[in-house]
Amino acid sequence: MKKYRYVANCAVLLSGMVSFFVSCHQGRQKNNTTDILKISIHKADVKSDWLTNHTQHWHFSEKHICIVFGYGYNDENFVQSTITELGIKYGLESNGGLILPLRYPEDFKHGGSGRISILPELLEDKHIGGIILLGAPENTHNTLSRMKTNYNGSFPYPIFSYFPQDDVLGMEYVSDFVLENAQASKNTESLQDEQEQVLTNDVTALLDSSIRCITLLDSPLQADDNLHAQVQAIVGKMGKVNRYTDPETGLQSINHFVLD
């Protein structure tokens, strides 16, 4: 009798476990991308000193994530230290790794001056899986708009724009999302001072979580109600993310955010 009761109890327990996992699976399907970003992006958070104390642990990558270091983020020492840290973790494109760093204007020289318009040429022979823009210079949105046209009006990979110094409305059109500092979003000038430094100690961590996010995606983030939570998941402890509200109309942007 005890044997049958034990078997019956096991059957009930097994049935409950099956129901639980099915329920979880169905729940994940409803909001899969958001859940992935909230859990996976930060589950492997790594401090800079950890990166520098470990040997190579990245693997060869056919796809590459391009990082453009624009105004406010193009200081040579900052770029070099950031590339070194990310290179240790993800590998650089020049060595068969994931990261393709480009420094503006140094890597965009054409006729003696830096031109963001040659970005398509720099990426022409690369298998790009995403683009991250830091301090996008003027006319970046025009360059990306032409690239977008070549993809029949829709990029096949994510584009994240942080703290642009280009036209924000234009950047909204060509990016998955645009993130500004709260103070910059209130600036009535069309463009910030190109030499203004907006470096923070959290930028490398922001790049790291952005890279991990892009590696989890096989297409751009959707401009929907989940995007706010997804951007907050990427930003993490760097600050609180709010939707940008137009001061004249009171309307909120779907993919333009400010960091408080």
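Atoms considered below: every heavy atom in the structure, side chains included; atoms not considered: hydrogens, waters and symmetry mates. Position 1 is the first residue of the sequence, and the numbers go up from there. Small disclaimer: the values here were computed from a predicted structure and weren't measured.
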For this session: Not counting sequence neighbours, which residues clear side-chain hydrogen bond (donor to acceptor under 3.5 Å, both in side chains) with Asp260? List them please.
Result: Asn242

Problem set entry | Non-neighbouring partners of Pro220 that pass side chain to side chain contact (heavy atoms under 4.5 Å, CB included), sequence neighbours left out | Asp176

For this session: Considering non-hydrogen atoms only, spot the tightest contact between Gly129 and Ile214 and give its length.
Result: O-CG2, 3.5 Å

Exercise. Ring pair (Phe, Tyr, Trp, His ring centres under 6.0 Å) with Tyr162: which residues, sequence neighbours excluded?
Worked result: Phe177

Exercise. Looking at residues at least two apart in the chain, or sitting in another chain, which of them share a ring pair (Phe, Tyr, Trp, His ring centres under 6.0 Å) with Tyr104?
Worked result: Tyr71, Phe108

Without placing hydrogens or testing angles, list every side-chain donor-acceptor pair under 3.5 Å for residues 111-127, not counting sequence neighbours.
| from | atom 1 | to | atom 2 | distance (Å) |
| --- | --- | --- | --- | --- |
| Arg115 | NE | His110 | O | 3.4 |
| Lys126 | NZ | Glu93 | OE2 | 3.0 |

Exercise. Does Asp107 have any side-chain hydrogen bond (donor to acceptor under 3.5 Å, both in side chains) partners at least two apart in sequence or in another chain, and if so, which?
Worked result: none

For this session: Mind checking side chain to side chain contact (heavy atoms under 4.5 Å, CB included) for Ser94 and listing every partner two or more places apart, or none if nothing turns up?
Result: Leu92

Seminar exercise, completed: By side chain to side chain contact (heavy atoms under 4.5 Å, CB included), Ser145 pairs with (sequence neighbours left out) Tyr173, Val174

For this session: Could you pull out all residues at least two apart from Tyr151 that satisfy side chain to side chain contact (heavy atoms under 4.5 Å, CB included)?
Result: Phe155, Pro156, Tyr157

Problem set entry | Considering all heavy atoms, the nearest Leu133-Ala136 contact | CB-CB, 4.4 Å

Exercise. If two hydrophobic side chains count as joined below 4.5 Å and joins carry through other members, does Leu179 share a cluster with Ile254?
Worked result: no

Problem set entry | Nearest-0.5 Å distance, CG of residue Leu100 to CD1 of residue Ile131 | 9.5 Å

For this session: Examine the side chains of His256 and Glu180 and answer whether a donor and an acceptor come within less than 3.5 Å of each other.
Result: yes

Seminar exercise, completed: Output for pair (His141 NE2, Lys148 NZ), nearest 0.5 Å, gives 12.0 Å

For this session: For His228, enumerate each residue passing the ring pair (Phe, Tyr, Trp, His ring centres under 6.0 Å) test, keeping only those at least two apart in sequence or located in another chain.
Result: Phe257

For this session: Specify the closest pair of heavy atoms between Ala223 and Leu227, including all atoms of both residues, with the distance to one decimal.
Result: CA-CD2, 4.1 Å

Problem set entry | Thr249: side-chain hydrogen bond (donor to acceptor under 3.5 Å, both in side chains) partners, not counting sequence neighbours | Asp246

Seminar exercise, completed: Between Gln232 and Val241, the two heavy atoms sitting closest are OE1-N, 2.7 Å

For this session: Mind listing the closest non-hydrogen atom pair of Ser219 and Pro158 along with its distance?
Result: O-CG, 3.7 Å

Seminar exercise, completed: The side-chain hydrogen bond (donor to acceptor under 3.5 Å, both in side chains) partners of Asn142 (sequence neighbours excluded) come to Asn139

